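Written out below as structure tokens is the structure these notes cover.
Because the structure is predicted, anything quoted here is derived from the model rather than measured.
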Number of protein chains: 2
Amino acid sequence: MAAATIKDVAREAKVSVASVSRAMNGGSGVTAETSLRIQQAADRLHYIPHAAARMLITRRTNTIGALLPDLYGEFFSELIRGIDLAARARGLHLLVSSSHDGLDEAAAAVRSMQGRVDGLLILSGRVDAAFLRANLPKTLPVVLLNSAVKSAAYSVLNVDNHAGASAMVRHLLKAGHANVAFIAGPEGNFDAAQRDKGYRAAMTRYAPDAPINIVPGDFSEESGYRAGRELLAQKHRPDAVFAANDMMAVGCLTAFKEAGLRVPQDIALAGFDDIPIARYVSPTLSTVRVRIVDLGRHALEHLAGLLENPDQSPATAQTLGCEIVVRESCGASTT
Amino acid sequence: MAAATIKDVAREAKVSVASVSRAMNGGSGVTAETSLRIQQAADRLHYIPHAAARMLITRRTNTIGALLPDLYGEFFSELIRGIDLAARARGLHLLVSSSHDGLDEAAAAVRSMQGRVDGLLILSGRVDAAFLRANLPKTLPVVLLNSAVKSAAYSVLNVDNHAGASAMVRHLLKAGHANVAFIAGPEGNFDAAQRDKGYRAAMTRYAPDAPINIVPGDFSEESGYRAGRELLAQKHRPDAVFAANDMMAVGCLTAFKEAGLRVPQDIALAGFDDIPIARYVSPTLSTVRVRIVDLGRHALEHLAGLLENPDQSPATAQTLGCEIVVRESCGASTT
DNA sequence: CTGAAAGCGCTTACAG
DNA sequence: CTGAAAGCGCTTACAG
């Protein structure tokens, strides 16, 4: 037995397919009685409208696509959760294409989503305005997450890395650590660059006499370890170290422990991201938390707004705040 | 300018739409020259076949749906990665609906996917055969992940929790810990039940004289802590403790430390899952690892097989192995 | 090899 | 309120 179609329901309820269609879509334009009879017939036949037929005629898929890079565990799942919850609340489906690391892969993914989605959510450090122009019809609503793209044509939703980093540096300074060093993230990474700027801005503003002290890193634990050793080898050891992400902070912590230093008594430490591990290292790691679920949720809601109001020009870049999480490693309680 | 349709391409290439269709689908039934002319016309017009129209006529969506519960970070992202990679390799799209905790929610999600997917991947501790019969057409291929369902009608792919737990218990016994206690997971949880059985089986087989010693837990860190205290209060303290998951092992470790016990010298400890935190607690936690990416990949590939060969009766339950990860906490090196 | 035509399952003006 | 009919963009027998 093949699935029932609108024709079957029409026959069963002894009405035209037009009436069935109306009844199934809210019932306006049909009497309550007719509608009820149709509903019952539909139930009897286990009728479910064919999605593709509907998409074809309405030009609406009720689906949004999410294009994501090869993301690390926690971040990925939180982001999807936020997007998924918001999508479900609005009756939208979610087509996911993740684990992309190359631009070509991303282009293929975006093209293959063509016609299957009403809008697109894109998180990618490498996608720029040129890529979007080349691979997407300008009619497709797009929301960019954590992107450096600055174009009136695309909506952008960013995490306020700058403010988060700045706030943490300020916190460290206020806790009495005069010299705060920074372990940078990978070059070309948008988040890393903004955290770097936040560090510099806070130092310039709140500790104009202290040196800007930046050592390189690449977001890996290993690079944090190397950075830690490098910092310890400096003539004037910093009082506090702010790593551009938690994994580097964890690596750095290992280096400090190996050198026999006590954290935070001898040297303070802070990271960025608030990954689960931050709570389990000892001392527990102070860090900056991003509400990733909210990031996903906001992104989807902004996109949904674009779908409902296509004429509305995309909002200028929006920003989502971070919050400082004070634990043991930054030595705030010792002041 | 609306998107180009097959008609536009036909006109541009001066052929019928039938020929365009053939050319776009591999080109069999058209001369190479005609095909080339059509391709060029299509490129000029930036033609992309309308997905919905194609679905409607071919009855194929080239999409698979994934229904997932409210999963914890790492597991979720790894699973999706495995599914996504395998799907992309086969040119399949991935429609995700996650974060379900109720059966009603799951039912609604599954129904709304109807007609949008060619097959379904379902991970859920609560979905049973009755649910599937009630909410899915029996023609839709389904692969169940980590499920207790035993029905010839559905394919099932499980993690070999039993073998993994059993192997860890055996390892602890071989390392010289005569009395191994077990911290159980939540009642009704499929993984937890299998790990429990694995513990019992290994004890019965390899340490028939030692007592089966099980204390309750619910997979939370907090419950692990309580279990740890409970174990310490026993008349005969166990030599080793095997927790049904890592989070409980971490909680248990805290209880041991508070009591002034050294792990593994005074008491050994092991968990299950190999979450990232396992590497960062001290001592580092021995555990059982599940290759989650492989779980996702295998599931998708099995489902894809079902799609290509619908007549083939679903394979009987398959199982994916685990591996023991020996770190400091189980005291294996001290034997 | 190529094309005209039917049809996939729906929605929506257009009449009545 | 209700129905007949056109049409969304494609694929695929069926002829030629």
Side-chain angles (χ1 to χ4, degrees), chain A residues 1-39 41-42 45-63 93 112-118 137 139, chain B residues 1-39 41-42 45-63 111-118 137 139:
Chain A
M1 137 209 130
T5 73
I6 197 172
K7 280 188 174 176
D8 300 318
V9 178
R11 195 180 313 118
E12 176 86 6
K14 303 192 193 306
V15 293
S16 72
V17 296
S19 290
V20 176
S21 176
R22 291 185 192 108
M24 301 303 293
N25 292 301
S28 88
V30 240
T31 48
E33 302 145 74
T34 317
S35 192
L36 180 64
R37 202 166 77 242
I38 293 172
Q39 281 298 349
L45 269 40
H46 294 103
Y47 171 64
I48 295 188
H50 194 285
R54 198 175 250 181
M55 287 180 206
L56 181 56
I57 193 83
T58 62
R59 328 252 63 183
R60 256 268 197 175
T61 64
N62 288 312
T63 303
H93 289 264
S112 79
M113 279 187 172
Q114 208 82 242
R116 314 181 80 104
V117 299
D118 295 334
T139 51
Chain B
M1 139 207 126
T5 74
I6 197 172
K7 279 186 173 177
D8 300 320
V9 179
R11 193 181 315 120
E12 176 86 6
K14 301 189 194 308
V15 293
S16 71
V17 294
S19 290
V20 176
S21 176
R22 293 185 190 107
M24 300 304 292
N25 291 302
S28 86
V30 241
T31 50
E33 301 145 73
T34 316
S35 193
L36 180 63
R37 203 167 75 244
I38 293 172
Q39 281 297 353
L45 268 41
H46 294 101
Y47 172 63
I48 295 186
H50 195 284
R54 196 177 252 179
M55 289 179 204
L56 180 57
I57 192 85
T58 61
R59 327 251 66 184
R60 257 266 198 175
T61 64
N62 288 311
T63 303
R111 285 155 170 272
S112 80
M113 279 186 171
Q114 208 81 244
R116 314 179 80 103
V117 299
D118 296 333
T139 51

ask   = Partner of C/dT2 by Watson-Crick or G-U wobble geometry, both contacts under 3.5 Å, or none?
value = D/dA15
task = Check the distance between C/dT2's P and B/I38's CD1 and give it to me in whole angstrom.
result = 8 Å
Euclidean distance, atom OH of residue A/Y47 to atom P of C/dT11 [Å, nearest integer] = 6 Å
message = For A/R22 and A/T34, which I'm curious about, is there any donor-acceptor pair between the side chains at under 3.5 Å?
response = no
request  = Using whole Å, report how far CE of B/M24 lies from P of D/dC10.
outcome  = 9 Å
query = Has B/S16 got a side-chain N or O lying under 4.0 Å from the OP1 or OP2 atom of C/dT2?
reply = no
ask   = Between the side chains of B/R54 and B/N25, is a donor N or O closer than 3.5 angstrom to an acceptor N or O?
value = yes
task = Establish, with yes or no, whether the OP1 or OP2 oxygen of C/dT2 is under 4.0 angstrom from a side-chain nitrogen or oxygen of B/S19.
result = no
task = Could you state the atom-to-atom distance from CG of B/D8 to P of D/dG9 in whole Å?
result = 9 Å
ask   = In whole angstroms, how far is the P atom of D/dT11 from the CG atom of A/L56?
value = 12 Å
remark   = Which of C/dT11, C/dC8, C/dC10 is nearest the side chain of B/I57? It is C/dC8
ask   = Between A/V9 and A/M24, is any pair of side-chain heavy atoms under 4.5 Å apart?
value = no
note = Note: for A/R22 and B/A18 on DNA chain C, the residue whose nearest nucleotide lies more 5' is B/A18
ask   = Mapping A/V17 and A/G29 onto DNA chain D by nearest heavy atom, which one lands closer to the 5' end?
value = A/G29
request  = For B/K14 and C/dC1, give me the distance from atom NZ to atom P, rounded to whole Å.
outcome  = 23 Å
query = For B/T34 and C/dT2, is the shortest distance between a side-chain N/O and OP1 or OP2 below 4.0 Å?
reply = yes
message = Would you say B/T31 places a side-chain N or O within less than 4.0 Å of OP1 or OP2 belonging to C/dT2?
response = yes
key: Spacing of B/R54 atom CZ relative to D/dT12 atom C1', expressed in whole Å   = 14 Å
note = d(B/I38 CD1, B/E12 CD) to nearest 0.5 Å is 11.5 Å
ask   = Are the side chains of B/D8 and B/R11 in touch, meaning some heavy atoms are under 4.5 Å apart?
value = yes
inquiry  = Tell me the interatomic distance from B/H50, atom NE2, to D/dG7, atom P, rounded to whole angstroms.
reply    = 17 Å
request  = Could you check B/A53 against B/S35 and say which one's nearest nucleotide on DNA chain C is further toward the 5' end?
outcome  = B/S35
request  = Mind checking A/S21 for me? I need base, sugar-phosphate or nothing, with any heavy atom below 4.0 Å counting as a touch.
outcome  = base
inquiry  = Counting the atoms with a prime plus P, OP1 and OP2 as sugar-phosphate, which does A/R59 contact under 4.0 Å by heavy atoms, base, sugar-phosphate, or nothing?
reply    = sugar-phosphate
